[in-house]
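Note sheet for the following structure.
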Amino acid sequence: MMEKFLQQSMDTDEKFYRFEEQRLKIEDKRREAEHARELQMLQMLGQMLAGISSSVSQRSQSIPTSPPRRANHRSYADNFNYNAMTATLSPPIVIERSFSLHRTHTLKDMENIFQLVRNVIPPLTGKKHKGQDGRIGIVGGCREYTGAPYFAAITALKVGADLSHVFCTKDAATVIKSYSPELIVHPVLDSPNAVHEVEKWLPRLHSVVIGPGLGRDEVLLENAKGIIEKSKMKGIPIIIDADGLWLISQQPSLIQGYQRAILTPNYMEFSRLYEAMLRDPVDSSDHHGCVLRLSQAMGNLTVVQKGERDLISDGEKVLVCSHEGSSRRCGGQGDLLSGSLGVLAHWAFVAGAEKTNGQNPFLVAAFGACSLTRQSNQQAFQKFGRSMTASDMVSEVGTAFNKLFET
Ligand SMILES: NC(=O)C1=CN([C@@H]2O[C@H](COP(=O)(O)OP(=O)(O)OC[C@H]3O[C@@H](n4cnc5c(N)ncnc54)[C@H](OP(=O)(O)O)[C@@H]3O)[C@@H](O)[C@H]2O)[C@@H](O)CC1
Ligand SMILES: Nc1ncnc2c1ncn2[C@@H]1O[C@H](COP(=O)(O)OP(=O)(O)OP(=O)(O)O)[C@@H](O)[C@H]1O
């Protein structure tokens with residue numbers, strides 16, 4: 001009797017998994033078709049806009065061009081359209097609108113945003129398979145910097161991603177692998193066909209974080225550039241941090257107008273980007289205005305200016321995250337932020353506008369990642385004080401996440 005029951009139960013399980021496998025295959029095919037459609041639209045729009053651009057440039061000699069209407073944040077399928085527009089109509093036009101949309105949020109709004117972060121977190125159920133809650137790629141890690149990509153990748157796992165890949169140089173790979181058996185490490189970033197090697201994995205990745213520990217070697221930066229281009233073509237959310245931001249400050253058009261990108265500059269990186277884009281030094285009496293202007297100049301992609309208070313803007317709104325952290329500033333905290341943002345950006349993006357109450361999902365994700373990093377910092381500092389390091393913060397990510405988002 002018992003045997004029969006067990007057999008029946010096994011059969012039911014097997015049927016369920018077979019059904020689930022079929023469903024996932026269909027879902028994969030649907031996503032591929034969607035990507036192909038987006039690509040086709042991009043090409044068509046490119047051709048159309050090339051035509052419009054030549055007529056606009058002819059007309060603009062006699063008639064002043066009016067500012068382009070900003071793409072609706074809620075319509076993320078329109079990103080490619082907007083990309084093409086910002087490339088055709090130059091960014092200074094957007095900059096002219098800088099203060100008209102300036103809006104700062106109150107404490108009550110902040111609590112509401114916490115609730116939106118909670119809304120986008122996928123529930124843990126017994127019905128999912130490995131990978132469904134996030135496959136994140138980290139592009140970075142070279143001979144000098146092996147810690148940064150490790151911190152980003154392990155944090156992505158601790159936040160709740162199922163798989164975390166690191167694409168780094170050959171000599172960094174063994175070191176990173178030895179820190180953690182949980183990470184999947186690809187020693188490809190300095191190989192002659194690096195972009196192709198990473199591109200092969202892109203269809204399996206939900207988001208990529210470019211820059212932690214990348215370094216400034218010309219070859220590696222060129223490969224990072226190629227990977228950004230391929231990721232954009234696939235519509236993957238891209239988080240750009242550290243040396244990835246160095247690359248962007250040299251070639252802003254690489255990411256300008258791609259609204260699935262989030263930039264996470266620290267003080268120095270922000271100044272570099274701001275000066276490159278706005279040809280002016282940062283106005284230290286107006287941090288809000290500066291972050292708003294930088295986002296607009298970049299084509300309204302999300303900018304997270306890290307510091308004593310984190311300022312987050314999509315060029316329309318400025319959110320302030322001043323969640324209590326600590327006075328300890330050990331290296332690697334920004335890597336925890338970019339790794340957690342890799343996961344949260346993916347979750348918020350797929351959750352859709354209903355779950356984010358119509359808010360830009362990347363603002364919601366950035367607010368979540370900043371709060372989480374600061375909470376992890378606070379908890380680790382309470383335990384270790386001055387001797388606290390980034391690894392101590394990594395150990396706190398799970399409890400910090402529960403405290404903020406699962407209570
Ligand atoms: N364990 C590892 O592997 C780690 C590796 N990492 C990796 O290192 C790479 C380089 O990143 P980075 O941030 O050190 O380079 P960069 O932007 O040139 O800054 C350099 C100078 O800027 C200044 N400065 C910085 N912040 C400032 C502030 N708030 N306010 C004022 N000034 C400020 C400060 O100048 P100073 O104090 O010397 O005058 C600082 O020395 C990158 O790949 C990153 O991922 C890190 O992630 C850490 C853990
Ligand atoms: N003065 C501060 N007070 C409180 N929190 C801060 C302060 N400065 C930075 N942080 C927090 O530390 C985190 C990382 O910011 P930081 O400026 O250290 O980045 P980073 O320089 O890119 O880090 P990394 O060392 O990883 O390169 C952010 O979440 C930010 O909110």
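Atoms within a ligand are numbered from 1 in the order they appear, just like the ligands themselves.
- Atom 18 (O) of ligand 1 is approached by the protein to below 4.0 angstrom, counting heavy atoms only.
- Of the inter-residue distances, the one linking Cys290 atom SG with Leu273 atom CG reads 12.5 Å to the nearest 0.5 angstrom.
- Checking only distances, Pro212 never comes within under 3.5 Å of ligand 1, N or O to N or O.
- Interface of Asp335 with ligand 1, defined as ligand atoms under 4.0 Å from a residue heavy atom, comprises 45 (O), 46 (C), 47 (O), 49 (C).
- Looking at Gly325, Pro212, Gly307 and measuring to atom 7 (C) of ligand 2, the nearest heavy atom belongs to Gly307.
- The pair Glu406-Arg118 does not meet the salt-bridge criterion, since no charged nitrogen lies less than 4.0 angstrom from a carboxylate oxygen.
- For the residue pair Gln296 and Asn300, no side-chain donor N or O sits within less than 3.5 Å of a side-chain acceptor on the partner.
- Looking at Arg216 and Asp243, a side-chain N of the basic residue comes within less than 4.0 Å of a carboxylate O on the acidic one, giving a salt bridge.
- Taking any N or O of Arg374, backbone or side chain, at least one lies under 3.5 Å from an N or O belonging to ligand 2.
- Taking a distance limit of 4.0 Å, we find that atom 37 (O) of ligand 1 is approached by no protein heavy atom.
- A donor atom on one side chain and an acceptor atom on the other are found under 3.5 Å apart for Lys317 and Gln359.
- For Leu337, no nitrogen or oxygen atom sits less than 3.5 Å from a nitrogen or oxygen atom of ligand 2, counting backbone and side chain alike.
- Ring planes of Trp347 and Phe401: perpendicular class, angle over 60° (limits at 30 and 60°).
- Distance check on atom 8 (O) of ligand 1: some protein heavy atom falls below the 4.0 Å cut-off.
- Annotation: Arg216 places an N or O atom under 3.5 Å from an N or O atom of ligand 1; distance criterion only.
- Checked against a 3.5 angstrom limit, the closest N/O atoms of Thr373 and ligand 2 fall outside it.
- A tilted orientation is assigned to the rings of His165 and Trp201, their planes being inclined by 30° to 60°.
- In the candidate list Arg329, Lys306, His323, Arg329 is nearest to atom 10 (N) of ligand 2, counting heavy atoms.
- Between Pro212 and Tyr150, every side-chain heavy-atom pair lies at or beyond the 4.5 Å cut-off.
- In terms of protein heavy-atom proximity, atom 14 (C) of ligand 2 is nearest to Gly334 N, 3.5 Å.
- Of the heavy atoms in Lys306, none comes closer than 4.0 Å to ligand 1.
- The atoms of ligand 1 that sit less than 4.0 Å from any heavy atom of Glu269 are 17 (O).
- Less than 4.0 angstrom separates atom 34 (C) of ligand 1 from none of the non-hydrogen atoms of the protein.
- In this structure, atom 40 (C) of ligand 1 has its sub-4.0 angstrom surroundings free of protein heavy atoms.
- In terms of protein heavy atoms, atom 27 (O) of ligand 2 is closest to Asp335 OD1, 4.5 Å.
- The proximity of Gln333 to ligand 2, defined as any non-hydrogen pair under 4.0 Å, involves the side chain as well as the backbone.
- Those atoms of ligand 1 with a heavy atom of Leu214 less than 4.0 angstrom away are 43 (O).
- Here Asp392 does not pair with Arg328 in a salt bridge; the nearest charged N to carboxylate O distance is not below 4.0 Å.
- The side chain of Ala242, and not its backbone, has at least one atom closer than 4.0 Å to an atom of ligand 1 (non-hydrogen atoms only; side chain from C-beta on).
- Between the side chains of Thr302 and Asp314, no donor N or O sits under 3.5 Å from an acceptor N or O.
- Checking only distances, Gly213 does come within under 3.5 Å of ligand 1, N or O to N or O.
- At a 3.5 angstrom cut-off on N or O pairs, Gly147 counts as close to ligand 1.
- In terms of protein heavy-atom proximity, atom 25 (O) of ligand 2 is nearest to Gly332 N, 2.8 Å.
- Residues Arg329 and Gln333 have side chains that bring a donor and an acceptor to within less than 3.5 angstrom of each other.
- In this structure, atom 24 (N) of ligand 1 is in close contact with the protein, since a protein heavy atom lies within 4.0 Å of it.
- Within the 4.0 angstrom cut-off, atom 13 (O) of ligand 1 has one or more protein heavy-atom neighbours.
- For ligand 1 and Asp243, the ligand atoms under 4.0 Å from any heavy atom of the residue are 9 (C), 42 (C), 43 (O).
- Between Ile210 and Ile227 there is a side-chain heavy-atom pair separated by less than 4.5 Å.
- At the shortest separation from atom 31 (C) of ligand 1 among protein heavy atoms lies Tyr267 CD2, 3.5 Å.
- No donor-acceptor contact under 3.5 angstrom links the side chains of Ser249 and Tyr274, judged on distance only.
- Defined by atom type and a distance below 3.5 Å, a donor-acceptor pair is present between the side-chain atoms of Asn377 and Ser326.
- Checking Gln375 against His323 by side-chain atom types alone, a donor-acceptor pair falls below 3.5 Å.
- With respect to Asp217 and Arg143, no salt bridge is recorded, no charged nitrogen being found less than 4.0 Å from a carboxylate O.
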